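Contents: one structure, followed by commentary.
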Amino acid sequence: MPHLHFKGKTFVQNHHLAVPFHELIPVTEKGLSAKPSLHDNLILQGDNLKALKALLPAYSGKVKCIYIDPPYNTGNEGWAYNDNVNSPMMQSWLGQTVDREDLTRHDKWCCMMLPRLKLLRELLTEDGAIFVSIDDNEVHHLRCLMDEVFGEENFVANVIWHKMDSPKNTAIHLSEDHDHIVLYARNAEIWRPNLLPRSDEMIARYKNPDNDPRGPWLLSDLAARNEYRQGRYSIRTPSGKVIQGPPAGSYWRVSEEKFEELDKDGRIWWGDSGSNRPGIKRFLSDVKDGVVPQTIWHWKEAGSTRNAKQELSKLMELESSQDVFITPKPVKLLARILQIATDKDSIILDSFAGSGTTAHAVAALNAEDGGNRRFVLVECEDYADSVTAERILRVMRGVPTAKDAKLKAGYGGTFSYFQLGEALEKQAILDGEHLPGFEALAGYVYFTATGEQFDAGQIDRKTGFIGESRNFDVFLIYVDDLETLKDLALTRTMAEGLPSISGKPKLVYAPTKYLDDDRLRELRIEFQQLPFEIYKRMDGRRRG
Ligand SMILES: C[S@@+](CC[C@H](N)C(=O)[O-])C[C@H]1O[C@@H](n2cnc3c(N)ncnc32)[C@H](O)[C@@H]1O
């Protein structure tokens, strides 16, 4: 497979592995939950590279649908490359706004995207999929990066979203009326889209001119271009006219025998006069519950950029000319993605959250179908609170000025707001400069050692048990207080008293131990010294 080369690629290829895990700090007053939890709907403020890494312990392999809407790199969005990659060239990029004059603008964009895509893939369920909004500035580079990260065999579609409800006559060349939504599955052999409900327009095309008791139907041509050896025979119409065969270059799509069977069953239409070329009646009652999603999405069904701005201004109760956020997506666009790619209990992630359209659509769909979908949103800017969280607060609690009754009453639900805390780093723990909380360290060591999802609900603070993995019962002997930590050790009595949860060997983290290796072996304990062995993997696999 051809690979895309860009400046900085060798430095970012494995950068996602070097990004340290950061703590996630709840900010109760900015959320809508009295008890913030990582398993609630989430808004996470911070850079998404660090945030995605921090989400791995709780969310690896759990996200059914990812939607991202990264900077399109148009040259006037004011984004800057800010990843702390160990390369002098890339250090010189830091903080510099990427504009059209920047000759490395595409390199920087690819360097920004590659490690994020790698982490996003880790978060997907085996039957999950990722949708990426983009335009022609970067779509070709994006496709190459996605082929590399997700595998070209997992490419599903490049959807064209017809986003403009009228052409832009000020365009110098052509009016750009569409965006791309690039769709890859984690595994295309497994991923299947949900069918979309038939639109009123589609249903209205079914008519019943002959008052057939089976209800409205749509005419399907009897002739088709696909070669079909039994599809060449003459037909006599009810009015007595003989049709010698299908038009040149085509074939009847059913055999003569099948045709007669359909005619007997009143499923052939000969026109009002009874002398037309026959067609097959396809009854609305016979077609599947929905329609297979197509690759062109028109603004009438998926919303337009104009709708998106209006809907956000109304929701935030601003004058329509005021921009609270300049590039929102319409809720209908996200609703369509959710309809295609989620079930009622799916987790949906958007790591370039902006105004929070994804969360809005999740709450609306749950309210419509009684679902229990959860969203995880990441936004780095300060407006994560004033715009993103504020919007979600409004849609959950209700918007008094809304026309839609459900939105007016509020879709209901809760969300927790988190910020990125300090990095979990050995040296900072050793110096006592920054001691992570028990749960944060537990999640980190458990995930790093086992590669398996961490469930904070399993923690037993009395015994130090933090979870059962495929190979171990895992324990953490730790408190986030330097003075107590100095005297904390795995003693012989403690080791002998550790409960046997599953009967598997025990993996025990503690600052030190007061028993010898032979006794540890007898007790089937693998001892890991804090903080020196917090990066150690116990399952021999590499991961994000
Ligand atoms: C195009 S907007 C997304 C708009 C969103 N789909 C909506 O409907 O409102 C991209 C967002 O990604 C955010 N962003 C860009 N780089 C980021 C990063 N490294 N980490 C987190 N957020 C980032 C920007 O601040 C911006 O709000």
Side-chain angles (χ1 to χ4, degrees), residues 12 15-16 19 22 42-55 65-74 76-85 93-95 97-98 108-117 119-120 130-135 137-138 142 161 163 179-181 302-313 315-316 323-338 348-364 375-392 394-395 418-420:
V12 292
H15 181 58
H16 65 295
V19 176
H22 285 67
L42 279 188
I43 299 184
L44 224 154
Q45 191 202 347
D47 184 277
N48 53 19
L49 188 63
K50 294 174 186 155
L52 292 173
K53 185 91 179 214
L55 285 167
C65 171
I66 295 175
Y67 169 74
I68 55 168
D69 182 9
Y72 284 7
N73 214 10
T74 55
N76 46 29
E77 292 154 304
W79 79 279
Y81 182 81
N82 268 328
D83 295 345
N84 191 16
V85 175
W93 291 353
L94 299 184
T97 303
V98 179
K108 287 177 178 169
W109 190 86
C110 292
C111 284
M112 184 273 288
M113 288 301 289
L114 188 61
R116 287 169 175 79
L117 291 174
L119 289 175
L120 287 167
I130 173 168
F131 296 73
V132 187
S133 274
I134 203 71
D135 76 2
N137 283 285
E138 295 293 357
L142 177 72
W161 168 42
K163 63 178 181 176
D179 272 6
H180 303 263
I181 301 174
S304 68
T305 43
R306 195 202 308 266
N307 295 149
K309 284 196 184 188
Q310 285 167 349
E311 100 197 328
L312 186 59
S313 309
L315 191 68
M316 304 299 260
D323 272 337
V324 55
F325 181 80
I326 54 170
T327 54
K329 291 290 184 281
V331 178
K332 276 185 172 177
L333 180 73
L334 269 301
R336 174 161 278 243
I337 290 174
L338 299 179
I348 296 105
L349 174 97
D350 179 346
S351 54
F352 291 89
S355 69
T357 313
T358 302
H360 181 153
V362 168
F375 59 78
V376 177
L377 258 50
V378 184
E379 171 56 55
C380 61
E381 295 296 335
D382 289 345
Y383 54 70
D385 176 23
S386 59
V387 178
T388 324
E390 176 64 26
R391 175 178 192 176
I392 300 161
R394 284 169 182 249
V395 302
F418 280 78
Q419 273 171 353
L420 279 179

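None of the values given here were measured: they were computed from a predicted structure. The analysis underlying the following values was restricted to heavy atoms, covering all of them including side chains, and did not include hydrogens, waters or symmetry mates. Order of listing sets the numbers, starting from 1, for every ligand and every atom in it.
Side-chain N/O atoms of Asp83 and Trp93 include no donor and acceptor closer than 3.5 Å.
Only the backbone of Ala353 comes within 4.0 Å of ligand 1, counting heavy atoms alone; no side-chain atom from C-beta on gets that close.
Distances from atom 23 (C) of ligand 1 to the heavy atoms of Ala51, Cys380, Ala359 show the closest one on Cys380.
Summary of contacts: the protein heavy atom closest to atom 9 (O) of ligand 1 is Ser355 OG, 2.6 Å. At the shortest separation from atom 14 (N) of ligand 1 among protein heavy atoms lies Phe352 CD2, 3.6 Å.
Residue Asp350 has no N or O atom closer than 3.5 Å to an N or O atom of ligand 1. For ligand 1, one of its N or O atoms has an N or O atom of Asn48 under 3.5 Å away.
Using a 4.0 angstrom heavy-atom cutoff, Tyr72 does not count as in contact with ligand 1. Residue Arg116 places a heavy atom under 4.0 Å from ligand 1.
Atom NZ of Lys50 has 12 or fewer heavy atoms from other residues, nucleotides or ligands within 6.0 Å.
Put simply, the side chain of Asp69 does not reach to within 4.5 Å of the side chain of Asp350, judged on heavy atoms.
Side-chain N or O atoms of Trp109 include one that pairs as donor or acceptor with a backbone N or O of Pro71 at under 3.5 Å.
Salt bridge status for Asp47 with Lys53: absent, with no side-chain N to carboxylate O gap under 4.0 Å.
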